[in-house]
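Beneath this line is the structure, given in structure tokens, with notes to follow.
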Protein chains: 2
Amino acid sequence: MSTIFIPKHIRPMHGRLAYNDCALFHDMTNVELDTLESCADQTKCNAGDYLFRQNAPSDHVYNVISGTVAIERVSNNGRRQVLGFLFPGDFLGITNSAHYDYAVRSLTKTELYKFNRKRLYTLADELPHLKTNIAEISSRIFNRILDQLYILGQKKAHERLCFLFMQLLERLPGARPDRVELYMTRQDMADYLGLTIETVSRSLAKLKADGLIAFPQLNVLQILDIAKVSELADT
Amino acid sequence: MSTIFIPKHIRPMHGRLAYNDCALFHDMTNVELDTLESCADQTKCNAGDYLFRQNAPSDHVYNVISGTVAIERVSNNGRRQVLGFLFPGDFLGITNSAHYDYAVRSLTKTELYKFNRKRLYTLADELPHLKTNIAEISSRIFNRILDQLYILGQKKAHERLCFLFMQLLERLPGARPDRVELYMTRQDMADYLGLTIETVSRSLAKLKADGLIAFPQLNVLQILDIAKVSELADT
DNA sequence: CGCTACATTGACAGCGTTCAAGGTAAGTGG
DNA sequence: CCACTTACCTTGAACGCTGTCAATGTAGCG
């Protein structure tokens with residue numbers, strides 16, 4: 001039944017999450033959702049586990065139920081670029097190539113739905129809403145990458161961090177200006193923003209000294225001056 | 001007739017251009033090509049002209065026949081990021097949103113095919129090859145953006161330039177190691193690579209002094225040591 | 001020839017990286 | 001409960017790359 005298929009902690013997002021990717025089920029009838037369920041399986045990961053590695057065959061599309069994951073790309077010489085952080089409701093693995101061009105690493109304990117990619121795509125030919133939704137999700141992912149590209153090309157360290165904060169605030173379920181849980185390490189932030197861990201640390205210290213943010217705990221961020229942070233983050 | 005529809009200077013690429021986007025017509029029958037032609041129109045631009053601006057309604061998909069264009073994104077504060085350079089055979093304007101998230105500026109005199117986007121997409125529902133090809137093209141565009149993201153996040157100025165050179169060598173029709181025409185200005189390169197024009201100039205001078213490249217003319221590049229350039233460019 | 005746009009070069013400052021040391025927090029075992 | 005370990009984070013100092021500002025050079029064009 002479709003009411004079982006969509007777990008409680010995702011359901012309430014439907015109305016709220018305009019920016020999140022949780023839209024695969026959007027506008028679909030219960031009958032359609034039942035069909036969709038036939039492609040679905042569930043899986044889980046522990047913190048640090050790789051869901052899949054770079055160049056693995058792209059057999060599945062995943063939907064994060066709970067937890068946080070990082071999309072990474074590692075080059076020949078070992079340098080790592082984090083392409084994004086994904087949260088509950090987000091999709092990953094949507095691709096047209098036969099292999100994933102990136103790896104996915106869990107930052108926390110993570111539960112995911114797992115769809116057979118080919119079956120999902122075949123199904124999309126029959127269910128127009130599903131196809132529209134997949135296109136819509138791809139489009140959002142693409143736009144996020146463009147934002148990140150702009151940030152890496154044009155922004156200073158402290159601006160990049162503000163960009164990350166605003167992204168977390170918008171996309172991380174449960175994040176509020178006075179409490180944003182940072183599930184990633186400083187190194188993950190650095191690799192996402194194209195900086196070193198030291199620069200991240202120093203820039204955080206600067207933003208803190210300037211009264212824009214605070215850290216009630218090491219991994220809990222408080223945004224004190226959201227107007228300024230938002231301005232610095234601006235794309 | 002489909003033999004008219006695909007102009008001579010594109011036709012020969014079909015077999016060769018594994019990395020170029022000129023694949024919309026791939027595997028299609030003459031009947032299918034005739035149908036495709038019904039969506040097509042032709043247009044041209046002068047150097048410096050904008051084909052369309054950021055946030056314009058995304059009414060058309062374009063295919064470059066001749067010339068070079070730059071995809072750009074400008075932010076609120078005026079900083080510009082070039083998202084890519086496109087050459088004959090390349091597509092642009094493939095999107096799922098109602099508006100373009102970027103502007104397209106001609107670097108040279110440019111001729112393009114122009115497809116009504118909605119009609120093209122409707123047609124894609126009927127012609128399976130066309131739909132596959134559109135997906136294939138989108139996938140390549142996405143991968144190029146990921147490469148660029150990595151470059152901006154991890155590489156030094158001279159490495160970024162080598163990356164650009166290798167891209168031009170692979171994607172610009174007619175480019176050979178001993179002769180790569182640079183249709184873009186130094187400023188365009190800078191905005192593409194997330195650098196300033198001065199840094200571009202200095203890094204070019206350094207690469208020249210090291211004997212990796214030469215400039216027979218200001219806008220003609222010669223790659224003297226392709227092994228090293230390729231190594232520096234490596235993603 | 002002189003105008004204009006584009007490119008190069010120089011001097012200098014500043015931001016970010018690198019290398020190194022020290023600090024903090026959580027978990028383990030005595 | 002406390003020392004010890006480990007992983008992560010912060011801070012410091014020096015260096016170097018890149019940005020900024022300014023001047024000069026160069027190619028194309030009327």
Side-chain angles (χ1 to χ4, degrees), chain A residues 46-48 68 70 77-82 105-109 151-164 181-210 213-221 232, chain B residues 46-48 68 70 77-82 105-109 151-164 181-210 213-221 232:
Chain A
N46 285 316
T68 304
N77 54 35
R79 286 184 279 190
R80 183 178 73 149
Q81 177 66 47
V82 170
R105 181 171 48 93
S106 304
L107 301 179
T108 62
K109 263 184 189 286
I151 289 296
L152 293 188
Q154 308 292 336
K155 293 275 197 176
K156 299 213 178 304
H158 66 285
E159 296 172 318
R160 300 188 196 195
L161 279 163
C162 289
F163 167 74
L164 172 60
E181 301 253 4
L182 303 175
Y183 296 109
M184 70 290 290
T185 64
R186 301 292 192 264
Q187 186 65 60
D188 291 327
M189 295 187 206
D191 290 343
Y192 178 62
L193 299 173
L195 301 168
T196 59
I197 186 174
E198 294 94 334
T199 301
V200 167
S201 223
R202 268 186 267 269
S203 300
L204 289 178
K206 180 71 166 45
L207 289 169
K208 206 165 65 177
D210 292 348
I213 60 171
F215 284 97
Q217 299 163 52
L218 195 56
N219 288 317
V220 176
L221 167 74
L232 288 170
Chain B
N46 286 316
T68 304
N77 55 34
R79 286 185 279 191
R80 182 177 74 146
Q81 177 66 48
V82 171
R105 182 171 48 92
S106 304
L107 301 180
T108 62
K109 265 186 188 286
I151 290 296
L152 294 187
Q154 307 292 333
K155 293 274 196 177
K156 301 223 175 296
H158 66 286
E159 296 173 316
R160 298 187 197 194
L161 280 164
C162 289
F163 167 75
L164 172 60
E181 301 254 4
L182 302 175
Y183 296 109
M184 69 288 293
T185 65
R186 301 291 192 263
Q187 186 65 59
D188 291 327
M189 296 187 205
D191 290 343
Y192 177 61
L193 300 172
L195 302 168
T196 60
I197 186 174
E198 294 94 335
T199 300
V200 167
S201 225
R202 268 186 268 270
S203 300
L204 289 178
K206 179 73 166 46
L207 289 170
K208 207 164 64 177
D210 292 349
I213 61 171
F215 284 97
Q217 299 163 52
L218 195 57
N219 287 317
V220 176
L221 167 75
L232 288 170

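These numbers come from a predicted model, not from an experiment. We use all heavy atoms of the structure for the numbers below, so side chains are in, but hydrogens, waters and symmetry mates are not.
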Could you give the distance from CG (A/Leu207) to NE2 (A/His158), rounded to the nearest 0.5 Å? 7.0 Å
Expected output: side-chain A/Lys155 to main-chain A/Leu161 donor-acceptor under 3.5 Å: no
Reading DNA chain C from 5' to 3', where do the contacts with chain A start and stop? Cut-off is 4.0 Å to heavy atoms. C/dG16 to C/dC19
Keeping A/Thr68 on the side-chain end and A/Thr108 on the backbone end, is there a donor-acceptor pair under 3.5 Å? no
Starting at atom CG of B/Leu232, determine the distance to atom P of D/dC17, rounded to an integer number of angstrom. 14 Å
Please step through side chain to side chain contact (heavy atoms under 4.5 Å, CB included) for the pair A/Thr199 and A/Arg160, ending with a clear verdict. CA-CA 11 Å; A/Thr199 301; A/Arg160 300 188 196 195; over 6 Å; no
Please write out each protein N/O paired with an N/O of nucleotides 18-20 of chain D under 3.5 Å, distance rounded to 0.1 Å.
unit_1 : atom_1 : unit_2   : atom_2 : d
D/dT18 : OP1    : B/Ala157 : N      : 2.8
D/dG19 : OP2    : B/Thr196 : N      : 3.2
D/dG19 : OP2    : B/Thr196 : OG1    : 3.0
D/dG19 : OP2    : B/Thr199 : OG1    : 2.3
D/dT20 : O4     : B/Arg202 : NH2    : 2.7

Describe the nucleic acid contact of B/Thr185 in one word from base, sugar-phosphate, nothing, applying a heavy-atom distance below 4.0 Å. sugar-phosphate
Locate the shortest heavy-atom distance separating B/Val82 from B/Tyr192; write the atom from each residue and the value. O-CD1, 3.4 Å
Just how large is the angle between the end axes of the helix from C/dC1-D/dG30 to C/dG30-D/dC1, five pairs per end, to 10 degrees? 20°
What is the minimum heavy-atom distance between B/Arg186 and B/Leu204, and which atoms define it? NE-CD1, 3.4 Å
Whole-Å distance, A/Gln187 CD to D/dC9 C1', equals 11 Å
Tell me: CG of A/Leu218 to P of D/dC8, nearest whole Å? 12 Å
Between B/Phe215 and B/Leu182, which heavy-atom pair has the shortest distance, and what is it? CE2-CD1, 3.7 Å
In whole Å, I'd like the distance from the CG atom of A/Leu204 to the P atom of D/dT10. 6 Å
Output the rounded distance in Å from NZ (A/Lys206) to C1' (D/dT10). 17 Å
Quick check: does any side chain N or O of A/Gln154 sit under 3.5 Å from a backbone N or O of B/Gly194, one acting as donor and the other as acceptor? no
Closest approach of A/Ile197 and A/Ala190, non-hydrogen atoms and distance? N-CB, 3.7 Å
Considering all heavy atoms, the nearest A/Gly48-A/Arg105 contact: O-CG, 3.9 Å
Could you tell me whether the side chain of A/Thr185 and the main chain of A/Asp188 form a donor-acceptor pair under 3.5 Å? yes
